[in-house]
Protein chains: 2
Amino acid sequence: MNLLFKALSDPTRRQIIELLRKRDMNAGEIADYFSISKPSISHHLDLLRQANVVISIKEGQFITYSLNTTVFDEVVTWVLDQSQRKKTNKKDIKQKSK
Amino acid sequence: MNLLFKALSDPTRRQIIELLRKRDMNAGEIADYFSISKPSISHHLDLLRQANVVISIKEGQFITYSLNTTVFDEVVTWVLDQSQRKKTNKKDIKQKSK
DNA sequence: AAAGTATTTAGACATTTGCCTAAATATATA
DNA sequence: TATATATTTAGGCAAATGTCTAAATACTTT
């Protein structure tokens with residue numbers, strides 16, 4: 001959960017997600033869309049993979065990345081949940097201190 | 001957009017959101033739920049306010065914070081959008097370099 | 001007006017993050 | 001097998017982030 005939100009908190013990583021939404025790409029193709037170095041992109045891809053946002057499949061010399069859209073459900077559920085006001089429980093009522 | 005995702009990327013701030021989901025609270029009440037200092041909580045609240053996630057209203061000696069749930073729509077829209085595979089445009093097809 | 005309470009601001013510090021270059025690894029091709 | 005290509009790993013560095021204590025601000029109460 002935290003890895004997931006962390007993964008989404010960087011603009012470059014969100015752009016990578018938007019790219020992969022259109023089609024699967026290998027690391028080099030992805031890097032071509034950015035002006036930062038390939039190792040930096042590789043690092044971002046690693047974080048996205050750790051957060052389960054993308055899956056990577058080695059295809060010969062290339063590594064193809066694709067979105068794992070299922071994790072987004074988790075985010076949507078959490079966020080939508082916050083939009084809904086919760087009924088206050090007795091035990092949640094905090095006394096003013098002193 | 002970036003401020004919003006940044007705001008959601010910290011566990012303490014997400015917990016604050018979950019607290020405010022139940023009821024509005026003033027800064028001191030919120031701080032009571034955590035073991036970190038009041039100035040730190042105040043800082044988190046400031047970031048949440050900058051991201052438009054909460055609104056603060058001064059009520060005498062207290063400052064009441066409440067959720068501004070409308071911003072969550074933005075997140076849900078973006079995330080849901082990524083879950084939906086996009087039709088590939090001609091112009092989006094990137095030639096393999098060389 | 002003085003003292004107490006609620007909250008923020010200021011400034012310092014350690015950790016994390018995002019970036020870089022150089023080197024390592026793995027596969028493909030001449 | 002030697003060379004070229006694709007990608008990652010390693011290590012370093014600057015900026016951003018999260019935390020703290022001390023001090024400032026603002027309101028309330030005596």
Side-chain angles (χ1 to χ4, degrees), chain A residues 1-20 23-67 94-98, chain B residues 1-20 23-67 94-98:
Chain A
M1 190 65 162
N2 195 37
L3 279 185
L4 182 46
F5 275 105
K6 278 266 162 46
L8 297 178
S9 74
D10 179 79
T12 301
R13 288 194 290 272
R14 288 199 304 276
Q15 273 186 262
I16 292 175
I17 291 170
E18 287 173 4
L19 281 177
L20 291 179
R23 64 181 177 87
D24 297 350
M25 288 187 193
N26 60 53
E29 286 177 314
I30 295 169
D32 285 349
Y33 280 90
F34 298 89
S35 49
I36 62 184
S37 72
K38 278 167 199 233
S40 294
I41 294 295
S42 179
H43 180 56
H44 283 307
L45 288 171
D46 187 46
L47 295 177
L48 287 170
R49 211 174 35 66
Q50 281 179 50
N52 213 26
V53 172
V54 303
I55 21 176
S56 65
I57 294 167
K58 186 151 202 169
E59 289 179 338
Q61 200 175 6
F62 300 85
I63 298 178
T64 300
Y65 284 87
S66 42
L67 277 189
K94 188 102 184 189
Q95 228 58 42
K96 274 220 187 92
S97 46
K98 201 156 177 254
Chain B
M1 189 65 163
N2 195 36
L3 278 184
L4 182 46
F5 275 104
K6 280 266 162 47
L8 298 178
S9 74
D10 179 82
T12 302
R13 287 194 293 270
R14 287 199 304 278
Q15 273 187 263
I16 292 175
I17 291 171
E18 288 173 4
L19 280 177
L20 291 180
R23 63 180 177 90
D24 297 350
M25 288 187 192
N26 60 51
E29 285 176 315
I30 295 169
D32 284 348
Y33 280 90
F34 299 88
S35 48
I36 62 184
S37 71
K38 277 166 199 235
S40 294
I41 294 294
S42 179
H43 180 56
H44 283 306
L45 288 171
D46 187 45
L47 294 178
L48 288 170
R49 213 175 32 67
Q50 281 178 50
N52 213 26
V53 173
V54 304
I55 3 179
S56 64
I57 293 167
K58 186 150 205 170
E59 288 178 341
Q61 200 173 5
F62 300 85
I63 299 179
T64 299
Y65 284 86
S66 42
L67 277 189
K94 188 104 185 190
Q95 228 58 42
K96 273 216 187 97
S97 46
K98 203 160 170 251

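Here the structure is a predicted model, which is why all the values come from computation and not from measurement.
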Side chain proximity check, [X] to [Y], heavy atoms < 4.5 angstrom:
X	Y	value
H44(B)	D10(B)	yes
R13(B)	L8(B)	no
L4(A)	N52(A)	no
R49(B)	L45(B)	no
L20(A)	I30(A)	yes
Y33(B)	I41(B)	no

Choose from dT7(C), dT9(D), dT19(D) the nucleotide whose nearest atom is closest to any side-chain atom of T12(B). dT19(D)
Per atom distances to the F62(A) side chain, the nearest of dT7(D), dA6(C), dT8(D) is dT7(D)
Answer yes or no: is there an ion pair linking E29(A) with R23(A), defined by an N-O contact shorter than 4.0 Å? yes
Can you tell me the distance, in whole Å, between the [atom1] atom of [X] and the [atom2] atom of [N]?
X	N	atom1	atom2	result
L47(B)	dT17(D)	CG	C1'	9 Å
I41(A)	dG18(C)	CD1	P	12 Å
K38(A)	dT8(D)	NZ	C1'	12 Å
H43(A)	dA10(D)	NE2	P	13 Å
R49(A)	dT8(D)	CZ	C1'	10 Å
I36(A)	dC20(C)	CD1	C1'	10 Å
D46(B)	dT19(D)	CG	C1'	15 Å
L3(A)	dT16(C)	CG	P	13 Å

Quick one: is [N] close enough that its OP1 or OP2 comes under 4.0 Å of any side-chain N or O from [X]?
X	N	result
N26(B)	dA6(C)	no
S37(B)	dC20(D)	yes
Y65(A)	dT8(D)	yes
H44(A)	dT17(C)	no
S40(B)	dT19(D)	no

Listed partners of S40(B) passing side-chain hydrogen bond (donor to acceptor under 3.5 Å, both in side chains), at least two apart: S37(B)
Report all interatomic pairs (protein N or O, nucleotide N or O of nucleotides 27-30 of chain C) with separations under 3.5 Å.
| residue | atom | partner | partner atom | Å |
| --- | --- | --- | --- | --- |
| dT27(C) | O3' | Q61(A) | N | 3.4 |

Regarding [X], tell me which of base, sugar-phosphate or nothing describes its non-hydrogen contacts under 4.0 Å with the strands shown.
X	result
R13(A)	sugar-phosphate
F34(A)	nothing
D10(A)	sugar-phosphate

Along DNA chain C (nearest heavy atom to each residue), the more 5'-positioned of S35(A) and A27(B): A27(B)
